[in-house]
*Asks:* 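So that we are looking at the same thing, I have put the structure below in structure tokens.
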Amino acid sequence: GQQLNQSPQSMFIQEGEDVSMNCTSSSIFNTWLWYKQDPGEGPVLLIALYKAGELTSNGRLTAQFGITRKDSFLNISASIPSDVGIYFCAGQSLKKTSYDKVIFGPGTSLSVIP
Amino acid sequence: DTAVSQTPKYLVTQMGNDKSIKCEQNLGHDTMYWYKQDSKKFLKIMFSYNNKELIINETVPNRFSPKSPDKAHLNLHINSLELGDSAVYFCASSQGGGARYTFGSGTRLTVV
């Protein structure tokens with residue numbers, strides 16, 4: 001079945017540093033999304049991307065929909081302690097109907113050292 | 001007001017018991033989901049309902065039975081609980097089956 005791979009699996013960075021993470025798939029997706037999960041909470045949507053090549057920002061976060069439609073990238077600039085959490089990419093392929101499954105990646109765990 | 005609320009937040013129960021988790025959303029979305037998050041944090045879809053109709057039913061033991069009395073509610077009943085059912089269960093909702101999910105805060109189920 002469809003699978004997403006995320007790298008890195010985990011990262012420890014100093015406060016103020018920029019962060020890059022990516023998500024790849026062997027399948028094409030029509031929609032890419034990035035979610036963040038804080039400890040003890042459900043994932044929260046950060047950015048949604050709908051078009052190949054699209055670059056979208058949300059504050060210090062920037063995400064891109066890869067041109068091949070098989071990957072996506074998330075960058076966080078000037079990290080702060082509250083950026084700590086697990087970042088999940090997700091893809092939806094929209095084949096026959098709009099009710100296609102959303103596939104989640106395994107997550108990138110981010111730790112920020114003050 | 002909480003957009004997607006699940007109850008209970010924590011559930012500890014013995015093997016063999018039957019338990020239910022409830023979910024309600026006040027966003028007016030027409031599609032609701034149950035996801036299971038295991039100890040490695042993998043999120044795996046279990047079920048999806050659109051306007052009370054089951055549209056996604058993954059390979060889940062038939063001990064798990066979802067019920068959607070209306071489009072704002074999706075409950076999950078689990079029979080004969082097993083140790084391997086221990087996980088965090090998330091309810092989510094979206095509009096039109098789209099991927100812009102709003103998740104609940106999860107129910108941590110521990111089977112002892």
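Values reported hereafter were calculated over all heavy atoms of this structure, with side chains retained and with hydrogens, waters and symmetry mates removed. The chains referred to below are lettered A, B, ... by the order of the sequence lines, with proteins before strands, and numbering in each begins at 1.
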*Asks:* Measure from the side-chain N and O atoms of B:Gln25 to the backbone N and O of B:Leu27, and report whether any donor-acceptor pair falls under 3.5 Å.
*Replies:*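 Yes; at least one donor-acceptor contact below 3.5 Å.
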*Asks:* May I ask you to name which of A:Ile86, A:Leu33, A:Ile103 has the most heavy-atom pairs under 4.5 Å with chain B?
*Replies:*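 Winner by heavy-atom pair count: A:Leu33.
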*Asks:* Taking 4.0 angstrom as the limit, do A:Asp38 and A:Lys36 come out as a salt bridge?
*Replies:*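 Salt bridge flag = yes for A:Lys36 with A:Asp38.
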*Asks:* Which atoms of B:Lys9 come close to chain A, meaning under 4.5 Å heavy atom to heavy atom: side chain ones, backbone ones, both, or neither?
*Replies:*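 B:Lys9 touches chain A through side-chain heavy atoms alone.
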*Asks:* With sequence neighbours excluded, give me every salt bridge (charged side-chain N to carboxylate O under 4.0 Å, His left out) pair touching residues 43-67 of chain A.
*Replies:*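 Residue pairs with at least one partner in residues 43-67 of chain A: A:Arg60-A:Asp83.
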*Asks:* Let me know if B:Ile45 has heavy atoms under 4.5 Å from chain A in its side chain, its backbone, both or neither.
*Replies:*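 For B:Ile45, side-chain heavy atoms alone lie under 4.5 Å from chain A.
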*Asks:* Which members of residues 101-112 of chain B, sorted by number, sit under 4.5 angstrom from chain A on a heavy-atom basis?
*Replies:*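 Heavy-atom contacts from residues 101-112 of chain B to chain A are B:Tyr101, B:Phe103, B:Gly104, B:Ser105.
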*Asks:* Between B:Asp30 and B:Gln95, is there a side-chain donor-acceptor contact under 3.5 Å, judged purely by atom types and distance?
*Replies:*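 B:Gln95 vs B:Asp30: donor-acceptor pair found between side chains.
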*Asks:* Can you find a side-chain donor-acceptor pair between A:Asp18 and A:Ser77 that sits under 3.5 Å?
*Replies:*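 A:Ser77 and A:Asp18 do not have a side-chain donor-acceptor pair below 3.5 Å.
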*Asks:* Would you call the rings of A:Trp32 and A:Phe29 parallel, tilted or perpendicular, where under 30° means parallel and over 60° means perpendicular?
*Replies:*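 Rings of A:Trp32 and A:Phe29: perpendicular, over 60°.
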*Asks:* What option among B:Lys40, B:Gln6, B:Gln37, B:Lys44 has the most heavy-atom pairs under 4.5 Å with chain A?
*Replies:*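 Among the listed options, the one with the most contacts to chain A is B:Gln37.
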*Asks:* Test your reading of the model: is there a side-chain donor-acceptor pair from B:Glu24 to the backbone of B:Ser5, 3.5 Å cut-off?
*Replies:*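 No, B:Glu24 side chain to B:Ser5 backbone: no donor-acceptor pair under 3.5 Å.
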*Asks:* Just how far is it from atom CD of A:Gln64 to atom CG of A:Leu55, taken to the nearest 0.5 Å?
*Replies:*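 Between atom CD of A:Gln64 and atom CG of A:Leu55 there are 5.0 Å.
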*Asks:* Taking the side chain as every heavy atom from C-beta outward, state whether A:Val19 and A:Tyr87 have any atom pair closer than 4.5 Å.
*Replies:*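 No, too far: nothing below the 4.5 Å cut-off.
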*Asks:* Taking ring pair (Phe, Tyr, Trp, His ring centres under 6.0 Å) as the cut-off, I'd like each qualifying pair that reaches into residues 51-93 of chain B, sequence neighbours left out, listed once.
*Replies:*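 Sorted result for residues 51-93 of chain B: empty, none.
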*Asks:* If I measure from the heavy atoms of chain A, does B:Glu58 come under 4.5 Å with its side chain, its backbone, both, or neither?
*Replies:*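 Answer is side chain: those atoms of B:Glu58 sit under 4.5 Å from chain A.
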*Asks:* Side chains of A:Asp71 and A:Thr24: donor-acceptor distance under 3.5 Å anywhere?
*Replies:*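 No, because no side-chain N or O of A:Asp71 sits under 3.5 Å from a partner of the opposite role on A:Thr24.
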*Asks:* Under 4.5 Å between any side-chain heavy atoms of B:Asn75 and B:Ser20, yes or no?
*Replies:*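 When only atoms from C-beta onward are counted, B:Ser20 and B:Asn75 do not touch, as no gap falls below 4.5 Å.
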*Asks:* Residue by residue, scan residues 40-50 of chain A and write down, ordered by number, those that have a heavy-atom distance under 4.5 Å to chain B; if none do, write 'none'.
*Replies:*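 Result: A:Gly40, A:Glu41, A:Gly42, A:Pro43, A:Leu45, A:Ala48, A:Tyr50.
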